[in-house]
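Proteins get letters first, then strands, A, B, ... in listed order; numbering begins at 1 in each.
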Amino acid sequence: MEKNIRVRFAPSPTGHLHIGGARTALFNYLFARKYSGTFILRIEDTDELRSTQESVKWIFESMAWLGLNWDEGAMPDGSQKGDFGPYVQSVREANGIYREYAKKLVDEGKAYYCYCTAEELDEMRKKAALEKRPPKYDGRCRHLTDEQRSRFEKEGRKPVIRFRMPDEGITSWKDLIHKELSFENKLLYDFIMIKASGYPTYNFACVIDDYLMKISHVIRGDDHISNTPLQINLYKAFGWQMPEFAHLSMILGPDGSRLSKRHGATSVQEYRKEGFLPETIKNYLALLGWSTQDSQQIFEKGELEDKFSLEGCQKNPATFDPVKLKWMNGEYLRKLDKKTMLEFAMPYLRESGLDLSYPRVPLEDLVYLEYEKYKVLSEIPALLSFFFKENVDFDSQAVESVFSKPSASKVLSGIADVYSSIDNFKESEIEAATRKFAKDNGLKNGEVFHPVRVAVSGKAQGPTLFKMIEYLGKDCAVKRIRAAFELAAAKK
RNA sequence: GGCCUGUUCGUCUAGCGGCCCAGGACGCCGCCCUCUCAAGGCGGAGAUCACGGGUUCGAAUCCCGUACAGGCCGCCA
């Protein structure tokens, strides 16, 4: 691979960072890291209507959370990092960069002013559709005389600048993922470079900036494939060397259409809130459309950066699978140590409204108790809630199936006495005493364990029993078992 | 309507002419472990490689059609 790899992620700030955008960012990031290149963040806010400052903030936040740190570009504090800035297109526009280059093409006869109104264009498209022709701009303003122009100007019309597309020939390039791709020029159209507002369009700004920022590889979604021949003709008109192109496949929802809001969570922020770890998101996203030869699933820190390659990228679209995402998050959660897990769990615990001062054991011990069960952080409070309050919320089904057994009330009254006489209230002591109780009374272990579990936690499923009882503490456990005894006795 | 792209288990994928009547992972099913649920271990079902033609001694892999799917055709990006 040649030196000076420079790639960029260029989102338009019109909402939260979408999971598809995050993947594009990730692939660019990984590519840059793999080849010791430069990863650049450029804000493409040329849509004056939809771009917002707030969206820019969201993009920064999501990128930072994912750990996709950029070497150059717009920074959260408003500064510009790097020698090829500014990295915000609206600022570049204000600096006159796009107008300057557009004028150059106009002067050379490679672009022209067009006075057609949006309504006229609309009309043309409708007509074309009716006649089953491609809705392509017919080039009617290509050869306007000075007289015609001044008449339009007098009418108060603001012109756009259109690129004069070659009528003949073929535009092709060797895509790093799709191999050879080609388009006939006569099918292309005179696209707008500068809008009537003076703002550049995507296709124009993108080329100017990629050139000026010395981008070596353009890695983006393959919804841009048909924009590429337009852009290549721009490079040719300027006489610039074009970058390499790599078009990534799309991400689909479960129904096979492009992943969108109606498929549920689509922004990085939503996944963060649900309790996915950034490492999970990165790992999962990397696997959507990319793989190693041995189909490796889980990557240790730094491994993605080492192993990533464009050759391993898929040409066909990938369906997003939330189930596998959750599995993967479980894998990452299980790797966390006690302290880290508590740090991650804390926001969810706080938000749950549980009385965090209630338990007598350290929170990290409680959280870690069920560590191998978690799939997302947000489910932690519900799993542990019985540790945080005086009384037990009984699961009616558990009560029904366990307390209705004839031995239940006998077990509960007996075991409460046994527990209250244990001095060293630790897991091993509790377990030994419980097993002895079962044996002495001719009961199966399960006949004792199950009612006790429901009595202290209210649920039929939960953490390992004796550790749970130890963490609850002697007083609490005995009290709960006695209360449950009343309940079970009443059932009879 | 035109152009472009794509098509291997339900899903993500390995595969780049013989090692493949197709391997891994998620999910599913069963067994084991076990105080429950998980986790873990073991095993299983699941793809005639979209379809039809070629090329070749030999094709999931190369070529051509067909079908289906997606993308683009905006003074959106």
Have a look at Glu447(A) and say if it touches a base, only the backbone sugar-phosphate, or nothing, with a 4.0 Å heavy-atom cut-off.
nothing
Arg334(A) vs A38(B): side-chain N/O to OP1/OP2 distance below 4.0 Å:
no
Under 4.0 Å between a side-chain N/O of Asn227(A) and OP1 or OP2 of C76(B), yes or no?
no
Distance check, C1' atoms only: C72(B) and G65(B), in whole angstrom units.
25 Å
On the nucleotide G15(B), are OP1 or OP2 found under 4.0 Å from the side-chain N or O atoms that Gln293(A) carries?
yes
With heavy-atom distances below 4.5 Å as the criterion, would you say the side chains of Asn185(A) and Asp167(A) are in contact?
no
Quick one: is C73(B) close enough that its OP1 or OP2 comes under 4.0 Å of any side-chain N or O from Ser226(A)?
no
For C73(B), does OP1 or OP2 lie under 4.0 Å from any side-chain N or O of Arg125(A)?
no
Is it the case that the ring center of Tyr189(A) lies less than 6.0 angstrom away from the ring center of Tyr137(A)?
no
Just checking Phe31(A) against His217(A), ring centres under 6.0 Å apart?
yes
Have a look at Val323(A) and say if it touches a base, only the backbone sugar-phosphate, or nothing, with a 4.0 Å heavy-atom cut-off.
sugar-phosphate
Has Arg220(A) got a side-chain N or O lying under 4.0 Å from the OP1 or OP2 atom of A77(B)?
no
Within the 4.0 Å heavy-atom criterion, would you say Leu181(A) contacts the bases, only the backbone, or no part of the nucleic acid?
sugar-phosphate
Any Lys/Arg nitrogen of Arg42(A) or Asp210(A) sitting under 4.0 Å from an Asp/Glu carboxylate oxygen of the other?
yes
Using a cut-off of strictly less than 4.0 Å, decide whether Asn316(A) has a side-chain nitrogen or oxygen near OP1 or OP2 of U7(B).
yes
Hey, do the aromatic rings of Trp327(A) and Tyr284(A) have their centres closer than 6.0 Å?
no
N/O (side chain, Thr46(A)) to phosphate O (OP1/OP2, A77(B)) under 4.0 Å
yes
Think Ser197(A) has a side-chain N or O under 4.0 angstrom from the OP1 or OP2 of C75(B)?
no
Under 4.0 Å between a side-chain N or O of Lys195(A) and OP1 or OP2 of C76(B)?
yes
Any side-chain N or O of His178(A) under 4.0 Å from OP1/OP2 of G6(B)?
yes
